[in-house]
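One is the number of the first residue; the rest follow in order along the sequence. In each ligand, atom 1 is the first atom listed, and ligand 1 is the first ligand listed. Heavy-atom basis, side chains included; hydrogens, waters and symmetry copies ignored. Please read all numbers here as calculations on a predicted model, not as lab measurements.
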Amino acid sequence: MEINLPKGTHDVILDEARAYEKIETLFKAVADLYGFSELRTPIIEATELFTRSVGDSSDIVRKEMYTFKDKGDRSITLRPELTAGVMRSIVNNKLFATQDLPIKVYYLGPAFRYERPQLGRYRQFNQFGVESVGITSPLSDAEVIMMGYAALKMLGFGHITLKINTLGDDESRKAYRVALKEYFGKHLDKMCPDCHERYESNPLRILDCKVPEDIEIVKKAPKISDYLTEAAQESFEFVLATLANFDIKYEVDESLVRGLDYYSHVVFEFHYTTEAGVSLGALGAGGHYDNLVSELGGPALSGVGLAFGIERIYGVLENDKLLQDVKEETDFYVMPLGDNALLDAYMIAQALRGAGYRTEVCFENKGFKTLFKRAEHKGSKYAVIIGDTEMQAEQVTLKNLKTQEQITVKYADLIDKADQLFAVEDDHDHH
Ligand code: HAM
């Protein structure tokens with residue numbers, strides 16, 4: 001009996017996996033350029049980590065977590081995002097005491113949310129993200145946004161929309177909260193049951209409600225911009241001015257509040273619309289946080305970070321044919337002609353692999369036509385042909401599969417010859 005995938009999950013197959021690898025490698029390289037180092041945290045965490053950080057008023061915590069009791073009766077959750085785990089790790093390992101500030105880390109791995117699966121929305125998906133913790137300058141916020149923007153450009157995106165907003169500091173949000181309670185208090189009887197809960201726990205969450213009738217009410221709600229303290233306003237303007245200085249276009253979107261509770265000050269999302277007019281939702285998003293580290297038992301350090309969704313990035317890159325060179329490639333395809341040649345073929349393949357060449361060898365006794373077809377499927381640059389005549393002379397026929405040029409090379413000289421050929425190729429690549 002065939003067993004199906006759990007709903008909302010997906011396999012990443014061959015060329016697609018190569019594309020993921022390429023995207024991830026590029027993200028890591030850009031993070032490295034900007035001075036971030038990798039941090040790996042567990043996929044399972046104590047449930048309390050997320051209720052305390054992502055927040056018990058968020059949809060993620062209220063409805064979307066994979067939470068279970070382990071055999072020791074502890075409440076465990078599959079991480080719905082990676083920021084919380086990174087902060088826990090910074091606190092547990094006292095990185096703020098041993099590292100210079102800001103602590104700059106990047107991470108990559110699966111996250112789990114029990115959402116309704118749809119285009120660009122999975123229950124298991126992969127995030128690449130960065131966090132910069134321990135500096136209060138809004139320049140740090142701008143740097144993270146610029147890094148994200150640079151990464152998307154390097155992936156080949158021609159146009160990206162950067163939506164940006166501020167949620168202000170604690171004082172701004174306190175005043176805003178009072179204003180929201182007053183406004184929504186007058187409309188609550190017409191609003192959805194979730195919004196009733198949000199009204200009590202965190203009225204800011206109402207701004208994110210997806211119920212059409214509620215969206216209409218939200219449209220006329222007070223705006224955060226009217227409640228910002230002077231300092232919060234200044235900090236936001238500084239970020240915007242820095243982005244403008246570096247020619248990064250943004251749209252201030254006052255309806256952007258983000259679905260996680262830990263933000264203050266700047267929040268942002270990167271969006272992209274494919275040539276066919278399709279959007280998979282935000283490709284990546286993030287923002288500044290002031291209380292996350294202290295909430296998790298650490299010192300009062302602010303931070304800023306962002307995370308990209310690898311599935312969404314792959315989806316739109318693939319859609320607009322922006323991904324190149326993700327086909328399988330090998331350097332040599334070794335072809336034994338007849339069973340006699342099998343052992344020599346294998347020996348030669350091992351020698352090539354030992355010298356660092358991607359090599360595939362055919363284990364079966366096949367005709368030329370099949371062998372060349374397979375070499376092509378493997379994206380091979382050269383064919384190494386070994387038949388009885390070649391074996392007797394301890395040599396191979398080496399064929400360049402692009403130019404069809406063919407030479408004979410002694411077994412003993414093959415690695416030197418390969419080094420020569422590939423040195424010339426590298427040289428060409430550089431011009
Ligand atoms: P988020 O907006 O919840 O933020 O997720 C970041 C990105 O993950 C989204 O923009 C999207 O590309 C991807 N993503 C989210 N949910 C799904 C899903 N169900 N299927 C596919 N992709 C998805 C965070 O997670 C924050 N931790 C970002 C951050 C880092 N803020 C500060 N530091």
Consider every N or O of [X] and every N or O of ligand 1, then say whether any pair is closer than 3.5 Å.
X    : answer
R121 : no
Q127 : yes
L283 : yes
Y289 : no
G309 : yes

Donor-acceptor pair between [X] and [Y] side chains, under 3.5 angstrom:
X    : Y    : result
S302 : T136 : no
T83  : E131 : yes
D56  : T51  : no
N245 : T242 : no
H288 : D290 : yes

Heavy-atom distances under 4.0 Å decide this one: backbone, side chain, both or neither, for [X] against ligand 1?
X    : answer
Y107 : side chain
L260 : side chain
Y114 : neither
F270 : neither
L306 : backbone
E269 : neither

contact_flag [X] ligand 1 heavy-atom lt 4.0 Å:
X    : result
G120 : yes
E311 : no
G129 : no

Among A282, S53, G286, G281, the residue with a heavy atom nearest to atom 10 (O) of ligand 1 is A282

Which of the listed options, R258, R113, E81, E115, holds the heavy atom that is closest to atom 3 (O) of ligand 1?
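It is R113 whose heavy atom sits nearest to atom 3 (O) of ligand 1.
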
Sub-3.5 Å donor-acceptor pair from the side chain of [X] to the main-chain atoms of [Y], do we have one?
X    : Y    : answer
D70  : G72  : yes
S53  : L49  : yes
K63  : E115 : no
D331 : R358 : yes

Against heavy atoms of [X], which atoms of ligand 1 measure under 4.0 Å?
X    : value
Y263 : 26 (C), 28 (C), 29 (C), 31 (N), 32 (C)
Y122 : 18 (C), 19 (N), 20 (N), 21 (C)
Y262 : 26 (C), 27 (N), 29 (C), 31 (N)

Are [X] and [Y] close enough for a salt bridge, meaning some N to O gap below 4.0 Å?
X    : Y    : value
E216 : K219 : yes
K327 : E329 : no
K223 : E254 : no

Below 3.5 Å, can you tabulate the donor-acceptor pairs from side chains in residues 205-214 to any protein atom, sequence neighbours excluded?
from: R205; atom 1: NH1; to: D261; atom 2: OD1; distance (Å): 2.4
from: R205; atom 1: NH2; to: R258; atom 2: O; distance (Å): 2.0
from: K210; atom 1: NZ; to: D208; atom 2: O; distance (Å): 2.9
from: D214; atom 1: OD2; to: C192; atom 2: N; distance (Å): 3.2

Atom 14 (N) of ligand 1 [closest protein heavy-atom partner, distance rounded to 0.1 Å]:
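Looking only at protein heavy atoms, the one closest to atom 14 (N) of ligand 1 is F125 CE1, 3.5 Å.
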
Return the residue, atom name and 0.1 Å-rounded distance of the protein heavy atom closest to atom 7 (C) of ligand 1.
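It is A307 O, 3.6 Å.
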
